[in-house]
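Below is one structure, written out as C-alpha cells; comments come after it.
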Amino acid sequence: MSWGTELWDQFDNLEKHTQWGIDILEKYIKFVKERTEIELSYAKQLRNLSKKYQPKKNSKEEEEYKYTACKAFLSTLNEMNDYAGQHEVISENMTSQITVDLTRYVQELKQERKSNFHDGRKAQQHIETCWKQLESSKRRFERDCKEADRAQQYFEKMDADINVTKADVEKARQQAQIRQQMAEDSKADYSLILQRFNQEQWEYYHTHIPNIFQKIQEMEERRIVRIGESMKTYAEVDRQVIPIIGKCLDGIVKAAESIDQKNDSQLVVEAYKSGFEPPGDIEFEDYTQPMKRTVSDNSLSSSKEGKPELRFGGKSKGKLWPFIKKNKSPKQPKEPLSHRFNEFMTSKPKIHCFRSLKRGLSLKLGVTPEDFSNFPPEQRRKKLQQKVDDLNREIQKETDQRDAITKMKDVYLKNPQMGDPASLDQKLTEVTQNIEKLRLEAQKFEAWLAEVEGRLPARSEQARRQSGLYDGQTHQTVTNCAQDRESPDGSYTEEQSQESEHKALAPDFDDEFDDEEPLPAIGTCKALYTFEGQNEGTISVVEGETLSVIEEDKGDGWTRIRRNEDEEGYVPTSYVEVYLDKNAKGAKTYI
C-alpha cells in the first residue's frame, strides 16, 4: 500500500490531512502542558497544606507533638510533602521528555511537510507547463495543416483556370509547397513535443508523485509513531513515581500503626502529674460544743482558768500568723466574744492562704518565678531538669568555642604572619566569663532541682515543695491552710472548710491573745543556709546560727523560731536542722 500509487490524484486532500495530523500533535502537546501545570499546582497546594498544619516553632502546639498520635500526624504531613514532590517530578519529566521534545519535533515536521509539498507543487507545475507546450504545438500543427490545404486548393484552382498566367500559377504552386512544408514541420514539432510530454507525464505519475507522496506517507507515519511513543512516555512518567508514592503511603500507614494509646496516656500523666498525695479524710468538727459552753458574755470573759481554750486549725492560741503583723495600736473597745463567735459561725473566709493567692496571681498574670515554684512538684522538677539541660548545652557550646579560640591563638603564636594572638584575648575573656556565668546559673538550678528531688537535707517532702528558696531568692509559696489543694492544670483552689474560716478570722481574734505569755521553747535548731526573711511574719537567719524552736512544722513547711526573747518568726523547715526536746509538751521526735 502506497500513497503514491493509490492516491496519485489526491494531492490537495493529502495536504489537508497532513496539516490535520500536525494540529493533532500540537493539541496533544497542549494537553500535556496543561497536565504539567495541574501537577505543579497540585504539588504546590499539597505543600501549602502540609505547611499549614505543621507545628509552629517555640509554641505550645509544638509541645503537643510529643504524643504518638500527633507524631503520626506530623509524619503524615511530611509524607504528603514528599508525595507533592513526586507530582513535581511528574511535571518536570513530562515537560522535558514530552512537551519540549514534541515541540521541537513539530517544528521539524512542519519544515519537512513544507519541503515535500513544495516538490510536489513544482512537479505539478512542470507537467502543466509541458501540457501547455503540447497544446500550443498541437494548435500550430492544426493551423498549418489548414493553411497548407487552402494553399493546395488555391493552386489547383489557378492551374485549372486557362485565363491565369503561368507566372501566377507558378506562384500559387510555390505558395502551396511552402504551406505544405510548414505543415510538415509543425507535424514533426507536435510529434516531438507529444512524445516529450508523454514521457514527462509518465515520470510525473509513476516516479515524481509516488516518491513525493511516499515521503509524505513516511512523514505522517513517523508522526503517528511519535505521538504513540509520547503517550507511552506519558504513562511511564506516572509509573516511575508509583513506587515512591507507594513508599509515602506506606510511611503514612507505618506512622498510623506506631500510635500507642498507652504511651500517650502515660505522657498525659507526666505532663499534668502534680506529685501531691490525695487529700485524707476530713475530721468531723463538732460546733455544738462551743455553743453549749457559750452561756453568757460574762462566762466567756471570765478568768483565764475558766475560759474555754479555743484552737483554730490545730495551731496554738499564741501563734503569730504568717505574714500578718500584729496590730500594736491602742485597742478599741472589745465586743462581746459571743457576738464575734456568732459572726464567725456564719461568715465566709475573708482571706486565702498566701501561697495559693500568689500562685493564682502568677498563673493569671503569666508571671513564672525563676525557680518555677508556682508549679506542682512533679512539673517543677521537669521544668528545672529541662532548664539544667539547656544550660549544660549552652556551656558545652561556649566551651567548644573557647577551645576553638585557644587553638587559633596557638596557631597565631606559632605562625605570627597568620594573625595577631593578642586580638583573640578579649574574645577569649568574654567566652570564659560567659562559661563561668552559665556554670553559676546551672549550679543554682541544680540546687533547686536537688531540693525538689530530695537530695538536700530537709524535714519533709512537703517542706521541700514549699520552700523554693536559693541564695536569698524570695520566691516562697507559703501556706497556712491545711485544706490547700492543687488542681491537675496547675491552678490552686481552697477548701471552704470551717478550718479555713478559723484562719480567715484570725486577725479579728488576734487582739484577744495579745496579753498571752510567750510560748515556751520546745527545742533548738541550727541554720543550714542563710535565709533573708523579707516578708512579714518571717525572720532572717544566718548559716550556722543556733536559735530556739517555739513551734514545730505543722505540715506547711514552716518552723517558728525565736532569737533572744523579743524576736521571733518563721523560717522554711528545709533551711534548719531541728533538735526537739523530748520532754517538751507537744514535741515530736524526728527519725
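For clarity, every value in this text was computed on a predicted model and none was experimentally measured.
Taking all atoms of both residues into account, the shortest heavy-atom contact from E451 to S574 is OE2-OG, 4.3 Å. Of all the heavy atoms in I259 and A72, the pair that sits closest is CG1-CB, 3.6 Å. Closest non-hydrogen pair, Y67 versus A271, comes out as OH-CB, 4.2 Å. Minimum interatomic distance between A43 and H87 (heavy atoms only, all atoms of both residues): CB-CB, 4.1 Å. Contact detail for C248 and D82: the closest heavy-atom pair is SG-CB, 3.7 Å. The minimum heavy-atom distance linking P421 with D425 is given by the pair O-OD1, 3.7 Å.
Under the 4.5 Å side-chain criterion, counting only non-hydrogen atoms from C-beta, V578 is not in contact with E552. Between E39 and E92 the shortest side-chain heavy-atom distance does not fall below 4.5 Å. Considering only heavy atoms from C-beta on, Y42 comes within 4.5 Å of Y83 through its side chain. A 4.5 Å side-chain heavy-atom check between I539 and V571 finds at least one atom pair inside the cut-off. Side-chain contact between I90 and Q86 is absent, with no heavy-atom pair separated by less than 4.5 Å. Between L547 and E545 there is a side-chain heavy-atom pair separated by less than 4.5 Å. Y575 is not listed as a side-chain neighbour of V541, based on a closest heavy-atom distance of 4.5 Å or more. Taking the side chain as every heavy atom from C-beta outward, E88 and R47 approach each other to under 4.5 Å.
For K247, the NZ atom counts as loosely surrounded, since its 6.0 Å shell holds 12 or fewer non-hydrogen atoms of other residues, nucleotides or ligands. Heavy atoms from other residues, nucleotides or ligands lying under 6.0 Å from NZ of K66 number more than 12.
How far CG of D390 is from CG of L438: 11.0 Å, rounded to the nearest 0.5 Å. To the nearest 0.5 Å, the span separating CG on L391 from CD on Q386 amounts to 11.0 Å. In this structure, Y529 OH and E577 CD are separated by 9.5 Å, a value rounded to the nearest 0.5 Å. For the atom pair L46 CG and K51 NZ, the distance stands at 14.5 Å (nearest 0.5 Å). To the nearest 0.5 Å, atoms OG1 (T559) and CD1 (I550) are separated by 10.5 Å. Taking OG1 from T573 and CZ from R560, the interatomic distance works out to 14.0 Å, rounded to the nearest 0.5 Å.
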Apply side chain to side chain contact (heavy atoms under 4.5 Å, CB included) to the pair E370 and F445, showing each step before the final yes or no. CA-CA 9 Å; E370 186 181 11; F445 280 94; 3.9 Å; yes

Given salt bridge (Lys or Arg N to Asp or Glu O under 4.0 Å), test E394 with K397 step by step and report yes or no. CA-CA 5 Å; E394 292 182 13; K397 183 179 178 181; over 6 Å; no

Step-by-step side-chain hydrogen bond (donor to acceptor under 3.5 Å, both in side chains) determination, N392 to Q396: CA-CA 6 Å; N392 287 334; Q396 183 61 40; over 6 Å; no

Run the side chain to side chain contact (heavy atoms under 4.5 Å, CB included) check on R562 and E567 step by step: do they pass? CA-CA 6 Å; R562 178 188 297 146; E567 189 178 1; over 6 Å; no

Working note: I435 + R402, criterion side chain to side chain contact (heavy atoms under 4.5 Å, CB included); need CA distance, chi angles, decisive distance, verdict. CA-CA 9 Å; I435 292 174; R402 183 190 61 185; 3.9 Å; yes

Are L424 and Y412 close enough, and set up right, to give a side chain to side chain contact (heavy atoms under 4.5 Å, CB included), and what steps lead you there? CA-CA 10 Å; L424 300 175; Y412 286 176; 3.7 Å; yes

Tell me, with the steps shown, if D260 and Q266 meet side-chain hydrogen bond (donor to acceptor under 3.5 Å, both in side chains). CA-CA 10 Å; D260 186 355; Q266 182 61 32; over 6 Å; no

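The closest side-chain donor-acceptor pair between T524 and S548, if any, does not fall under 3.5 angstrom. Of the N and O atoms on the side chains of N434 and E430, not one donor lies less than 3.5 Å from an acceptor on the other residue.
Checked by atom type and distance alone, the side chain of T68 never pairs as donor or acceptor with a backbone atom of D264 at under 3.5 Å. Put simply, the side chain of R563 gets close to the backbone of S540: a donor and an acceptor are under 3.5 Å apart. When atom types are taken as modelled, the side chain of N415 and the backbone of Q417 share no donor-acceptor pair closer than 3.5 angstrom. Panel note: side chain E398, backbone I395; no donor-acceptor pair is recorded below 3.5 Å. A distance-only check finds a donor-acceptor pair linking the side chain of T530 to the backbone of E543 [under 3.5 Å]. With hydrogens and angles disregarded, a donor-acceptor distance shorter than 3.5 Å links the side chain of N78 to the backbone of L74. No donor-acceptor pair closer than 3.5 Å links the side chain of K387 to the backbone N or O of E446. The backbone N or O of K71 sits less than 3.5 Å from a side-chain atom of S75, completing a donor-acceptor pair. Using a distance-only test at 3.5 Å, with no hydrogens or angles considered, a donor-acceptor pair links the side chain of S50 to the main chain of L77.
A salt bridge does not link K254 with E257: every distance from a Lys NZ or Arg NE/NH1/NH2 to an Asp or Glu carboxylate oxygen is 4.0 Å or more.
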